[in-house]
Amino acid sequence: MTVLKTSLRNFFAHKGRMALSAVAVLLSVAFVSGTLVFTDTMNTTFDKLFASTASDVTVSPKAAGGNDDIPQNGRPESLPASLVERIRKVEGVKDVQGSVNSLSVTVVDAKNKNVGPTSGAPTIAVNWTPNELRSVEIASGHEPRGPTEVVVDGATAEKHGLKLGDELRTVAVTGDFTAKIVGTVEFKVTNPGATVVYFDTATAQRELLGRTGLFTQVSVDAKDGVSDDALKADVAAALGGGYKLQTAAEVADAGRASMAGFLDVMKYAMLGFAGIAFLVGIFLIVNTFSMLVAQRTREIGLMRAIGSSRKQVNRSVLVEAFLLGVVGSVAGVAAGVGLAVGLMKLMASMGMELSTRDLTVKWTTPAVGLALGIVVTVLAAYIPARRAGKVSPMAALRDAGTPADGKAGRVRGLIGLALTAAGAAALVVAARADEAGPGSLWLGLGVVLTLLGFVVVGPLLAGGVVRALGVVVLRIFGPVGRMAERNALRNPRRTGATAAALMIGLALVAGLSVVGSSMVASATDELDRSVGADFIVQSGTGQPIVPQAQAAVAKTPGLDHVTAYKLVDAKVTDPRGKVSTADLAATDPTYVKDLRREVTAGTLADAYGEDAMSVGSDYATEHRVKVGDVLTVAFKGGDTVKLKVAAITADTGQVDKGAMYTDVSTVTRHLPADRVPNSILVLASAEDGQETAAYEALKDALAPYPQYKVSNQADYKEELQNQVGQLLNIVYGLLALAIIVAVLGVVNTLALSVVERTREIGLMRAIGLSRRQLRRMIRLESVVIALFGALLGLGLGMGWGTAAQKLLALEGLGVLEIPWPTIVTVFIGSAFVGLFAALVPAFRAGRMNVLGAIASE
């Protein structure tokens, strides 16, 4: 009980000093809790959506893909409408509805603007049936009743300013058609961002599937007392094979599985950044308790003198840490719920609607948050607690606040150097690896070891690096600068730990910057070397190019040639009978001009001969295939044919790595017309001297199809750079959490350091140091600590990034580029971070009463 009372007294006596450490715990726990709440809420939203839209049994074509698959030919797999009446006769069936559902559409308003989502969610066109009333209700107008009428979801109507009577143009594989809005619907559960348009059944069949008499699926409802499984068995018996039957639960499971990959990536990525924040927070907590223990040395010595055991002192400090962990974690869990709501609002602004009515806080979320926060805090305080337990009763006779560790230990330095050397060796092995798999393991080991090494050896480096920084940064400020330098060097362990917190975040920033810049530079270099086409036409959402758009490209004046690029599902059997699944790249023969592929055997132009093809060098090596061999190719939905290998392309670089080429005419001969895939991109080259005119003409020709973008090579490089830049900005935003925690560490260290040096500050003020000079001294100390952390972090990060790029060179990213502007900006920015962190401690130091400070102990 005495230990608890002592801990509570100390905790509340130093509550101001604990506050920043509690904020670090709060932020870290909030990120974990917020991530869990956000992903659980998304799961709840999609579960409710799948449950509300699924019938008791759904019948779909055997070859149908997932709910988010866009068919290569733009036409969803279909069923004959006659199935509806066959199923209706099955015993136990209450109702049957045929459905038409297509994701291969683009909906355009009267201003020729795509009204589809920009969040990555699809545009969905469906036929209106009574089943739709399960998930939506008509908010205005009425259901579609003819070929010129369309209903749109309310969120899309509101976002794009659509109203009843407005005309929408729908671009489908069968052609364009227009209809007027006659109604809007609102979802009974949250629509997670998709644009949904509804047509009458005949129009949906004709315009989306090419003819009437077809459905993409049939929804079956059971009579009362008939289970879904029993109904599924009865329907399967009546229909025989060739169809895919799923109960409502199976449809929901399939939908959940299709979203699992996206949600898991988001969840674990965010938890990873939360882990980084926790790691940085450990340094803050260790520093806080180390300094508190040092400041209470005389007090602890008195406790030992009057009979407190080492274990009691140790437990007292750990109980304080436990209290800190509880306070920070409880606040963090509450803040995490707020963070989840904020993320939902952010997603809503990007087009993915998530309702706060579905906010899901499972009991595991606060349990995990509290456990993590408390355990991490107590573990971080363990070493300072042990140090407190070792304080002897004689310490009561010494001055309080004397630094217990003026120099970094030699053993610590040797361990740090050994870890750093081992990590550097692992990075070298990773950079020289011949295979990406083993190389990535060495890279991960190298990153961990070098990070640990720099953390351990940091105090040893502090002396030399801080002195060097002092010569460059501090000496120009005269005596104040020299005092700031000496303060930073006073306790190398403390300086090293404070700088290490900042080092971790900046190392990751630098490493990712090197990788991102190298990716852009490598891709740009490869484009310059290999791409001969002047223009690239493609969709940013992965939609194939509809025939009418491709025809518009072909008619554009000023073009020398146009090359279609299609991907065809096929199974390829090598001469030894080994079967593999592949996407054959079916292109026009002009593709050899548009993409300069290195050939290791044969001639690529010969692959465009009758019943000929090429393979990649990796496939040729693995399957022992050479030029002249014959492969058996089974086209999905078409013929099985023999194709002769006429060329082997080198699998280097990123563009079309591993591609198998054949002529478009080969595909059209062996596939039914309605099974031939649309182009996923179109390449074009201008006639000599007509590049600018052809570029403008091509953009004008595709103006009616806003889902496609025309890019010349300069545009393409810029888009690539922007995509990588956006990804890095997201990562930097997440890493900002760790950097914020690191800044709190600097603030806390300086604040506690000011308290520790209260008497010293009073004496300096008494002999003539002005308040302005005192504040400047503390700010300069903060700046040099921040620059020390930045120097270590940026150097470490560039080493990581360089090793990662050498490893990625195996995948074609062969150009190393160090983003010096980013590195220099971050380094200079670190000085401002140091200035910002010192504002409050410097202000408080400047306001100290001189006599009171001198009299303090």
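Side chains are part of it too, since the values below use all heavy atoms of this structure and drop only hydrogens, waters and symmetry mates.
How far CG of L379 is from CD1 of I374: 11.5 Å, rounded to the nearest 0.5 Å. The line from CG of L460 to CG of L414 is 8.5 Å long, rounded to the nearest 0.5 Å. The distance from atom CZ of R482 to atom CZ of R486, rounded to the nearest 0.5 Å, is 6.5 Å. Between atom CZ of residue F31 and atom CG of residue L339 there is a gap of 6.5 Å, rounded to the nearest 0.5 Å. Rounding to the nearest 0.5 Å places CE of M503 at 10.0 Å from CG of L508. Here the CZ-CG distance, from R494 to N487, works out to 9.5 Å after rounding to the nearest 0.5 Å.
For L807, the side-chain contact (heavy atoms from CB on, under 4.5 Å) partners are A433, S440, L443, L810, not counting sequence neighbours. Annotation: side-chain contact (heavy atoms from CB on, under 4.5 Å) contacts of I740 (sequence neighbours excluded): L27. Residues satisfying the side-chain contact (heavy atoms from CB on, under 4.5 Å) test with A331, not counting sequence neighbours, are L26. With sequence neighbours left out, S329 forms a side-chain hydrogen bond (donor to acceptor under 3.5 Å, both in side chains) with no residue at all. Under the side-chain hydrogen bond (donor to acceptor under 3.5 Å, both in side chains) criterion, Q773 pairs with S770, not counting sequence neighbours. Residues satisfying the side-chain contact (heavy atoms from CB on, under 4.5 Å) test with A422, not counting sequence neighbours, are L449.
Counting only heavy atoms from C-beta outward, the side chains of V337 and S33 never approach each other to under 4.5 Å. Contact annotation: the side chain of T35 never approaches that of F38 to less than 4.5 Å [non-hydrogen atoms, C-beta and beyond]. With contacts defined as side-chain heavy-atom distances shorter than 4.5 Å, the pair M519/V514 does not qualify. By the 4.5 Å heavy-atom criterion applied to side chains, L451 and F454 are not counted as neighbours. With contacts defined as side-chain heavy-atom distances shorter than 4.5 Å, the pair L735/L512 qualifies. Contact of the K267 side chain with the L36 side chain is registered, since non-hydrogen atoms from C-beta on lie closer than 4.5 Å. Side chains of I383 and V286 form no contact here, defined as non-hydrogen atoms less than 4.5 Å apart. Put simply, the side chain of I767 does not reach to within 4.5 Å of the side chain of L763, judged on heavy atoms.
Judged as a side-chain hydrogen bond (donor to acceptor under 3.5 Å, both in side chains), the pairs with a partner in residues 452-475 (not counting sequence neighbours) are, in order, R475-E485. Pairs of residues two or more places apart, or lying in two chains, that qualify as side-chain hydrogen bond (donor to acceptor under 3.5 Å, both in side chains) and include a residue from residues 775-797 are R757-E781. Evaluation of the side-chain hydrogen bond (donor to acceptor under 3.5 Å, both in side chains) test over residues 502-520, restricted to residues two or more places apart or in two chains, returns S513-Y732.
Taking all atoms of both residues into account, the shortest heavy-atom contact from I285 to A380 is CG2-CB, 3.7 Å. Among all heavy-atom pairs drawn from A340 and V37, the shortest one is CB-CG1, 3.5 Å. Nearest heavy-atom pair, L343 versus M270, reported as atom, atom and distance to 0.1 Å: CD1-CE, 3.6 Å. The minimum heavy-atom distance between G325 and T377, with the atom names listed, is CA-OG1, 3.7 Å. Minimum interatomic distance between P366 and V361 (heavy atoms only, all atoms of both residues): CD-CG1, 4.4 Å. Of all heavy-atom pairs spanning V29 and V333, the tightest one is CG1-N, 3.8 Å.
Applying side chain to side chain contact (heavy atoms under 4.5 Å, CB included) to I785 and the options L502, L780, L469, T495 leaves one that passes, T495.
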What donor-acceptor contacts under 3.5 angstrom involve side-chain atoms of residues 820-833, with partners at least two apart or in another chain?
unit_1 : atom_1 : unit_2 : atom_2 : d
T825   : OG1    : P821   : O      : 2.6
S830   : OG     : V826   : O      : 2.9

N/O donor-acceptor pairs under 3.5 Å from side chains in residues 788-806, not counting sequence neighbours:
unit_1 : atom_1 : unit_2 : atom_2 : d
W800   : NE1    : T450   : OG1    : 2.9
T802   : OG1    : M798   : O      : 2.7
Q805   : NE2    : L813   : O      : 2.9

